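See below for the structure under consideration.
Numbered from 1 within each chain, the chains take letters A, B, ... in sequence-line order. Not measured: the values here are computed from a predicted model.
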2 protein chains.
Amino acid sequence: MMELTRKGEYAIRGIVYLAGKQPDKVCLLSDIAEAVDVPPTFLAKIFQQFSKIGLVKSYRGTGGGFMLGRAPEQITLLEVVEAVEGPILPNRCLAVPTDCERSCSCNVHPVWQRVQGEVRQVLGGVSLKDLVNEQ
Amino acid sequence: MMELTRKGEYAIRGIVYLAGKQPDKVCLLSDIAEAVDVPPTFLAKIFQQFSKIGLVKSYRGTGGGFMLGRAPEQITLLEVVEAVEGPILPNRCLAVPTDCERSCSCNVHPVWQRVQGEVRQVLGGVSLKDLVNEQ
DNA sequence: TACTAAAAAGACTGTTTATATCCTTTTAGG
DNA sequence: CCTAAAAGGATATAAACAGTCTTTTTAGTA
Ligand code: SF4
Ligand code: SF4
């Protein structure tokens with residue numbers, strides 16, 4: 001259970017690759033896709049989502065491409081994952097407004113809140129800077 | 001992301017209900033299903049899975065039904081969830097044998113291992129005894 | 001201005017998983 | 001033998017996933 005989708009996996013690969021380039025280097029989507037082994041059309045959709053929320057900056061036309069929207073140490077894995085997968089919700093009752101009428105009396109509910117908190121903490125504690133392979 | 005399916009949610013509701021009954025009380029599937037508001041045919045499939053691994057004991061024929069396979073404090077939420085949802089795998093590279101050839105050099109891989117560990121720790125630390133509503 | 005490069009946007013498709021339901025078979029008690 | 005109950009298997013529908021294709025917009029350049 002709890003599996004990241006391909007989309008999430010591809011998203012991470014793509015943006016980590018960008019984070020490994022020198023700042024202000026504009027990268028072609030096609031180059032990124034090839035480097036991280038992701039279908040280019042699929043990665044395009046992912047980067048469009050990134051672009052909308054400012055995780056990456058995009059430039060159209062000749063000489064265009066993508067670059068990171070902020071410094072790598074300012075972008076967490078949590079942001080990247082939630083950008084494409086939506087919020088971390090181990091169970092539906094954590095959505096607001098909660099859609100389970102049992103949530104008040106339910107002893108399981110707080111367990112899922114703890115799970116959510118732990119996952120968010122782990123992912124939130126890792127930045128893109130931590131993820132690039134420096135050598 | 002990481003959402004528990006209906007099946008998992010129903011599984012928990014059903015077995016927690018069982019755990020709230022006095023030990024050695026045999027419960028009808030139809031009664032459990034009604035009490036926890038789950039489609040009876042669906043809950044049947046879930047309890048069949050439980051039965052196979054001994055989480056519950058089943059009795060067929062007249063006077064049959066289900067009872068808990070072990071004491072409530074001996075069954076963790078982790079076991080219940082993994083029984084019906086499979087192992088907790090935040091990313092495919094945590095499966096054995098790992099199916100990502102990048103896993104050796106990948107900095108993201110250990111993050112997913114930590115996520116997996118945290119989730120398992122939380123769920124493993126909660127027993128059915130903790131989940132029944134005592135009053 | 002026309003041409004070209006590149007991302008954005010939207011429609012569409014095939015596959016897989018989720019969410020069940022139904023029917024038949026097995027088991028056990030009375 | 002009849003009935004109650006779980007087990008097993010087949011089927012159905014809907015949603016999500018994974019990806020493709022085509023057209024449009026934007027921007028640089030000859
Ligand atoms: S864990 Fe409790 S509150 Fe959450 S969906 Fe299940 S019953 Fe409802
Ligand atoms: S996190 Fe790393 S090892 Fe895991 S699937 Fe992605 S690239 Fe492979």
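Looking at every heavy atom in both residues, B/Trp112 comes nearest to B/Asn91 through NE1-ND2, 3.2 Å.
Counting to the nearest Å, the C1' atom of D/dC17 and the CG atom of A/Leu43 are 16 Å from each other. Spacing between atom CZ of B/Arg92 and atom P of D/dA18 amounts to 7 Å, rounded to whole angstrom units. To the nearest angstrom, C1' of D/dA16 lies 18 Å from CE of A/Met2. Note: CZ (A/Phe42) to P (C/dG14) measures 17 Å, nearest angstrom. Put simply, CG on A/Leu18 is 11 Å from P on C/dA7, counting in whole angstrom units. For B/Phe47 and D/dG8, the CZ to P distance is 15 Å, given to the nearest whole Å. In this entry the distance linking CD1 of A/Ile46 with P of D/dC17 reads 13 Å, nearest Å. A straight line from NZ of B/Lys7 to P of D/dA14 spans 21 Å, rounded to a whole angstrom.
Heavy atoms of B/Phe66 sit under 4.0 angstrom from primed sugar atoms or phosphate atoms, though from no base atom. Among the protein residues, B/Tyr59 comes within range of the sugar-phosphate backbone only, with heavy atoms under 4.0 Å from sugar or phosphate atoms but none that close to a base.
Looking at B/Val56 and B/Ile15, their side chains come closer than 4.5 Å, going by heavy atoms from C-beta outward.
Look at A/Ser30 and you won't find any side-chain N or O under 4.0 angstrom from OP1 or OP2 of C/dA6. Note on B/Tyr10: every side-chain N or O is 4.0 Å or more away from OP1 and OP2 of C/dT19. At least one side-chain nitrogen or oxygen of A/Thr41 sits closer than 4.0 Å to the OP1 or OP2 atom of D/dT20. Look at B/Ser58 and you'll find a side-chain N or O under 4.0 angstrom from OP1 or OP2 of D/dA7. The phosphate of C/dT27 (OP1 or OP2) has no side-chain N or O of B/Thr62 nearer than 4.0 angstrom. Listed pair B/Ser51 / D/dA7 meets the phosphate criterion, a side-chain N or O lying under 4.0 Å from OP1 or OP2.
Between the side chain of B/Glu9 and the backbone N or O of B/Leu4 there is no donor-acceptor pair closer than 3.5 Å. The backbone N or O of A/Val36 sits less than 3.5 Å from a side-chain atom of B/Arg102, completing a donor-acceptor pair. Judged by distance alone, the side chain of A/Arg70 and the main-chain N or O of A/Gln74 form a donor-acceptor pair under 3.5 Å.
No salt bridge links B/Glu118 with A/Arg114; every basic N to acidic carboxylate O contact stays at or beyond 4.0 Å.
The side chain of A/Arg60 has C/dA8 as its nearest neighbour among D/dC17, C/dA8, D/dA7. The side chain of A/Lys52 has C/dA9 as its nearest neighbour among D/dA6, C/dA9, D/dA18. Among D/dG9, D/dA6, C/dA8, the nucleotide with an atom closest to any side-chain atom of B/Lys45 is D/dG9. Across D/dG19, C/dA7, D/dA18, the shortest atom-to-atom separation from the side chain of A/Thr5 is found for D/dA18.
Nearer to the 5' terminus of DNA chain D, by closest-nucleotide assignment, is the contact made by B/Gly65 (compared with the other of A/Pro39 and B/Gly65).
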